[in-house]
Structure formats: structure tokens, C-alpha cells
Amino acid sequence: MKRFQLEFVRTLYRTSHIGHESSSYLLRSYSTALSNGSDYSFKSFNPHLYKGHNGFHSDSVKTSTLRSTMASDLSIFMNHERMLSTQTQVKTPPAQARMRGTQLSITSPGFIFEPYKARVKIPLWKRLFTKSGWKRTKDDMMLEVKNAYAMAKLRRKGYSKHQVYNDAVKMYKEINTLIANGDKKSLRKAVTERMFSELKNEIKQRETALSKVYWELVEPVVKIRTLRARLIGVDKKDIEKVFCQLTLEILAKQKFEAYDSKGAVVTGDKNKEVLVRDIWVFEKSLFHSGAYWRLCGRISPDAVSLK
């Protein structure tokens, strides 16, 4: 609890700085384009992925998040002595659930809880002297408190930031390689059920136009950081039954090349390094024995960059 109190104090200090998101290195994502094998034609192949977060219109994301019976809200009692995660009753089984005997085993919430979006910077005078500024400061503070709480929960489970980032980079490399090779069997184990359905369809579309895709990650990655951390409860009577979702920004150099049925290069150059910015959401159950991190969604960098 003392550690969390310290993080809470740091959060108050950071509040006035929230909203500074660098967009200087906003680049077209080659790794996202792996799904269809073309960097310049990705939007024409999969326009639905650019309508909102994780392949949905932004309005539908909000609606599904609000209506979902899996969503949980974090209630913070400001005496710093009690923290409670409240969950709504699960009325209907989600898509990512399996029956084990007479019990329902939930393998994934099936959606991104509170998809990350960069917050536009506001002047300090507005924060201090206007009602809208006070509300904005409060909202920013609560976002940071939720992040701190989720990360503290991970640490209590034995995970370190260094370990999580190492695992994320390994998964980033593995998943992109599987997508490039069209290995759907292995891909199924590395992503959630909903994400697998999307990637499978994208690979199928790509294979109708291209015969082969080359992809390579130039290691080490340039940068990786956490944009958002959230907990999703599945049982209001047991606050330990939660899923953790981490939204990570990964900046890395990559090599990419796509070929047609005759082996001719259609796009890209495997001898050229390209700096790519991706935003991926990783998910892990904190109450299933043997659970591991999986990719549960991707967010277009355009959707989170400041204008």
C-alpha cells in the first residue's frame, strides 16, 4: 500500500504533463500491412480497420464497451486505505468462453477495455482557473491512477516491467513472422479468439493477391513504452478474477518485401530498414493457471496521434 501511495503522489505531479504525445515519428506501419502484403494498399484491402479501434467504428467500440457485461470500473476511495474493483454480473457468456464440465471458463473478455486515445494538451491556466480544466485534471488523474493500480497488480503477481517488455517484443516478432508466413495454426495460440478471426480473414485476402511476404525485425527495438494498463473483472464477488490489458507503443526498424505469383517484388525492399510505429494491446488472465500474454487488439497510430 505504501508503494501505491507513492505512485499516487507521483501521479498528482504528472497530471499537469498529461497529453504530451510525440507525433514526430508517425510512420506507415509495415508490420500492420503484413496482413495483406502491401504498405500502400492496406487501406483499400481493409478499410474497416481504419474506422476505429481494433477493426470497429469508434461509436460501436463505445457502445460495446458500455453495454458489455464484462466491463469493470475501478472505484478509488481517496483515503488511500481501500481500493475496490467492482464488476457487473455476467448475464450471458462472451464469445471467448469454453465449457469445462458444468463450469464456464472465460478465456478472454473479447474486446479492448477503454481503448487508448491521446489526450490533447490544454494550457495550465485553463487547468487551474476553469471548471472544464478542473474536470479534465480530475479525469487525467483517474486515468493515471487506473494505470498505476493495474501495474501494481501485475507486480504483486511477480511481473516486472523489464520482463513484460521482453515478452512483448518476443511476441511482436513472433506474431508478425507468423502473419508473414500465413501460419494460421501457430497464430491461433498467440492471439485471442477475436483477434485470430480478424487476422485469418486478412491473411486470406492477402493470399488472393500475393504469393509470399518477407518480414524481418531489426533488433533491438528502438523504443517500447506503456500507454495504458487496465484490469477487467469477471466476477463481482472475487476481485482477484481479472484480466490485464496492456496497450504498448512499439517503435522498431523493420524490413519488408512482398511478391506476386511469379516471384516479382510488388512492394517493399528487404534490404532497406524502415522505422515503424505500432500500438498493440496485449492481454493476460491473472487467475488462470498457466495463462500467458496474447495479442488481443491493434490500434492505428493515426487514431492516437495528436492533431
Side-chain angles (χ1 to χ4, degrees), residues 1-26 50-54 56-68 70-88 111-154 161 223-233 244-249 251 277 279-281 297 299-307:
M1 183 59 68
K2 289 183 179 179
R3 178 181 293 177
F4 180 77
Q5 289 175 340
L6 178 59
E7 291 190 10
F8 187 84
V9 173
R10 290 174 179 171
T11 295
L12 294 178
Y13 173 77
R14 292 199 306 265
T15 299
S16 62
H17 299 281
I18 296 174
H20 298 264
E21 296 293 334
S22 174
S23 57
S24 60
Y25 50 80
L26 178 60
Y50 286 82
K51 295 176 181 177
H53 301 291
N54 198 25
F56 299 97
H57 290 278
S58 58
D59 292 338
S60 66
V61 171
K62 294 177 181 178
T63 301
S64 64
T65 302
L66 290 173
R67 291 181 179 178
S68 174
M70 299 295 297
S72 63
D73 295 323
L74 176 64
S75 299
I76 306 296
F77 291 82
M78 302 311 292
N79 59 9
H80 300 177
E81 295 178 357
R82 184 181 180 189
M83 302 194 65
L84 176 66
S85 177
T86 60
Q87 297 87 10
T88 56
F111 64 95
I112 299 177
F113 183 50
E114 295 187 359
Y116 176 82
K117 185 175 182 180
R119 296 172 72 79
V120 180
K121 180 183 176 182
I122 63 174
L124 181 60
W125 67 264
K126 189 172 183 179
R127 283 188 180 274
L128 297 177
F129 303 111
T130 65
K131 289 185 177 180
S132 62
W134 298 340
K135 183 179 184 302
R136 170 63 183 275
T137 299
K138 177 183 176 182
D139 292 342
D140 287 346
M141 182 182 70
M142 291 307 298
L143 289 175
E144 287 297 298
V145 169
K146 288 182 179 180
N147 285 339
Y149 181 53
M151 295 306 295
K153 186 80 170 180
L154 273 180
K161 185 177 181 180
K223 180 181 179 180
I224 181 170
R225 64 168 178 153
T226 302
L227 299 179
R228 177 156 292 177
R230 288 293 180 268
L231 298 178
I232 307 175
C244 182
Q245 288 185 351
L246 291 181
T247 302
L248 302 182
E249 177 187 58
L251 186 66
R277 179 194 182 205
I279 297 175
W280 283 19
V281 184
I299 298 178
S300 168
D302 293 334
V304 300
S305 297
L306 295 177
K307 304 299 183 183

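Heavy atoms only: backbone and side chains are in, while hydrogens, waters and symmetry mates are out.
- Between Ile122 and Gly133, the closest heavy-atom pair is CD1-CA, 4.4 Å.
- Atom-to-atom distance recorded for Arg127:CZ and Asp140:CG is 4.5 Å, nearest 0.5 angstrom.
- To the nearest 0.5 Å, the span separating NZ on Lys223 from CD on Glu249 amounts to 5.5 Å.
- Residue Leu154 holds its CG atom at 9.5 Å from OG1 of Thr226, rounded to the nearest 0.5 Å.
- No donor-acceptor pair under 3.5 Å is formed between the side chain of Arg136 and the backbone N or O of Lys126.
- Residues meeting the side chain to side chain contact (heavy atoms under 4.5 Å, CB included) test with Ala229, sequence neighbours left out: Asn147, Ala150, Met151, Leu246.
- Taking CD1 of Ile299 as the start and OH of Tyr116 as the end, the distance is 9.5 Å to the nearest 0.5 Å.
- Shortest non-hydrogen contact noted between Pro301 and Ile279 is CA-CD1, 4.2 Å.
- In terms of heavy atoms, Trp125 sits closest to Thr130 at CZ3-CG2, 4.0 Å.
- Judged by distance alone, with hydrogens and angles left aside, the side-chain atoms of Gln245 form no donor-acceptor pair with the main-chain N or O of Arg228 at under 3.5 Å.
- Between the Trp134 side chain and the Leu128 main chain, a donor and an acceptor come within less than 3.5 Å of each other.
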Evaluate side chain to side chain contact (heavy atoms under 4.5 Å, CB included) for Leu251 paired with Arg225, printing each intermediate quantity in order. CA-CA 9 Å; Leu251 186 66; Arg225 64 168 178 153; over 6 Å; no

Evaluate Lys117 against Leu227 for side chain to side chain contact (heavy atoms under 4.5 Å, CB included), listing each step before the verdict. CA-CA 9 Å; Lys117 185 175 182 180; Leu227 299 179; over 6 Å; no

